[in-house]
**Student:** 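Let me give you the structure first, and then I'll get to my questions.
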Amino acid sequence: MKLPVYLDYASTTPVDCRVAKIMMQYLTKDGIFGNASSRFHRYGWEAEEAVNVARDNIATFLGTYSDNIIFTSGATESNNLAIKGVAYAYKHRGKHIITSMTEHKTVLNVVYYLEKLGFCVTCLSPEKDGIICLNTLKKEIRDDTILFSLIHANNETGVVQNIEEFGNFCHSCGILFHVDATQSIGKIPINLNKLPIDLMSFNGHKVYGPKGIGGLFIRRDLKISVQPQIHGGGQEYGIRSGTLPVHQIVGMGEAYRILKQEMKNEVIRFRFLKNYLWKELQNITYVSVNGNLKKSIATILNVAFHNVNSELLMIELQDLAVSPSSACVSSSLESSYVLHSMGYCDDIVNSSIRFSLGRFTTLEEIKFALCKIKMAIIRLRKKTLYTK
Ligand SMILES: *Cc1c(COP(=O)(O)O)cnc(C)c1O
């Protein structure tokens, strides 16, 4: 059977063949398998050199120095390390943390956990279009606020927040600013040399690198302290212990090196495909976009098909791989808290589907998807007509 057309790149991406090829050289006995911390022989030195190259590639792509990059097991761990690490290191200064209702679960569940430990948490509500206003933050700021954590591009709607504006404001009040950039990497240029960001999370597997590897940017020249969450051999400046997974790191480094070369053209292509998809979807009656279409990344389109249940629609769409909302919560199939926080009613939330495109999406695939969607919607709307 032919595989469904993959339109779920926001949940994960396939590893780029160029990345897989390089990773293979860092596993077996005839490859570079050493422990990057082994100081006394060539196996260790070669592994360390490979890690250095990867770290440099990532730092260069993000416009920063490699000393500012810490490797983790993924963006989940990076968000945990950034938020818990700052909370514990600065709790003598205050216990108030601000974030938003539209964060990924890996941020929300961290702050809810900290709340149980006695921290005070405020979650800002977005406007109807998913954008958070600076004024909303200004109203909630207190003298014991230590951290503001904000998602850059939302994983369900693709909506992009103005991180520069928020960063400048945080710095003017002496508050640390953490950004979850997992979805914006490779879609929006990020220059950490210019942006007022103190900590930033990102990973490998959303940008054609392997799963199980991520990074946390910590602006170490500002002497920001982050309390380690994993203790051990003292790797990564003691901030994140654990033997470095050299093959994963090398893979992520290669993924970011490719982004540096190809992102600009790739994003133009994504934009074209997304515009085409949305233009053609509008030939179906009663469809609307969730979130600010103009202020969203080029790979995510979240659409409500009014009067159609999105779960039934996905059952009809066996030829497409799409998500009702965030894949991370789909195991529990609760409806999207992100869309709810934007003020959408249940009817819209339960009829919404997220399309996400990527490096291997073709115009043919989009045309195929459109054809299937149109037919499925017609079938489902007819059914509800008859049963009503
Ligand atoms: C996927 C994702 C994460 C989690 O990343 P992992 O590397 O899978 O742990 C965190 N934040 C956002 C916005 C994401 O899209």
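Index from 1, following the sequence. Just so you know, ligand 1 is whichever comes first in the structure, and atom 1 is the first atom listed for that ligand.
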**Student:** Looking at K367 and E280, is any side-chain nitrogen of the basic one under 4.0 Å from a carboxylate oxygen of the acidic one?
**Tutor:**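 Result for this pair is no, no salt bridge flagged.
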**Student:** Could I get the full list of salt bridge (charged side-chain N to carboxylate O under 4.0 Å, His left out) partners for D144, not counting sequence neighbours?
**Tutor:**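 Checked D144 against salt bridge (charged side-chain N to carboxylate O under 4.0 Å, His left out); matches are R142.
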**Student:** Atoms of ligand 1 less than 4.0 Å from Q183 heavy atoms?
**Tutor:**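 Under 4.0 Å from Q183, ligand 1 has these atoms: 13 (C), 15 (O).
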**Student:** Checking K84 against N80: is there a side-chain donor and acceptor pair closer than 3.5 Å?
**Tutor:**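 A pair is found: one side chain offers a donor N or O, the other an acceptor, under 3.5 Å apart.
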**Student:** Looking only at N/O atoms, are A75 and ligand 1 under 3.5 Å apart anywhere?
**Tutor:**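 Among all N and O atoms of A75, at least one is under 3.5 Å from an N or O of ligand 1.
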**Student:** Go through ligand 1 atom by atom and flag the ones less than 4.0 Å from a non-hydrogen atom of T182.
**Tutor:**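 In order of numbering, the contacting atoms are 2 (C), 10 (C), 11 (N), 12 (C), 13 (C), 14 (C).
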**Student:** Quick check on side chain to side chain donor-acceptor pair (under 3.5 Å): which of R219, H178, H171 does D198 satisfy it with?
**Tutor:**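 Result for side chain to side chain donor-acceptor pair (under 3.5 Å) with D198: H171.
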**Student:** Within the 4.0 Å heavy-atom shell around H205, which atoms of ligand 1 are there?
**Tutor:**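 Heavy-atom distances to H205 below 4.0 Å select 6 (P), 7 (O), 8 (O).
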**Student:** List every atom of ligand 1 that sits less than 4.0 Å from any heavy atom of T106, numbering the atoms from 1 in the order shown and giving each element.
**Tutor:**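 The list of qualifying atoms is 10 (C), 11 (N).
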**Student:** So is E77 polar-close to ligand 1, meaning N/O to N/O under 3.5 Å?
**Tutor:**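 The answer is no, given that E77 and ligand 1 share no N or O pair closer than 3.5 Å.
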**Student:** Is it the side chain, the backbone, both or neither of I151 that has a heavy atom closer than 4.0 Å to ligand 1?
**Tutor:**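 For I151, only side-chain atoms sit under 4.0 Å from ligand 1.
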**Student:** Using a heavy-atom cut-off of under 4.0 Å, does the side chain or the backbone of T76 touch ligand 1, or both, or neither?
**Tutor:**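 Both backbone and side chain.
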**Student:** For the pair K21 and E254, find out whether any cationic side-chain nitrogen is under 4.0 Å from an anionic carboxylate oxygen.
**Tutor:**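 So K21 does not pair with E254 through a salt bridge.
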**Student:** A304: what forms a side chain to side chain contact (heavy atoms under 4.5 Å, CB included) with it, not counting sequence neighbours?
**Tutor:**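 Side chain to side chain contact (heavy atoms under 4.5 Å, CB included) list for A304, sorted by chain: S288, N290, H306, I348, S351, S352.
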**Student:** Does atom OH of Y113 have more than 12 heavy-atom neighbours from other groups under 6.0 Å away?
**Tutor:**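 For Y113, atom OH is not crowded (no more than 12 foreign heavy atoms under 6.0 Å).
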**Student:** So if I count the atoms of ligand 1 from 1 in the order they appear, which ones are less than 4.0 Å from some heavy atom of K206?
**Tutor:**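 So the answer, numbered in order with elements, is 1 (C), 2 (C), 3 (C), 14 (C), 15 (O).
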**Student:** Which atoms of ligand 1 sit under 4.0 Å from any heavy atom of D180?
**Tutor:**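 It comes down to these atoms of ligand 1: 10 (C), 11 (N), 12 (C), 13 (C).
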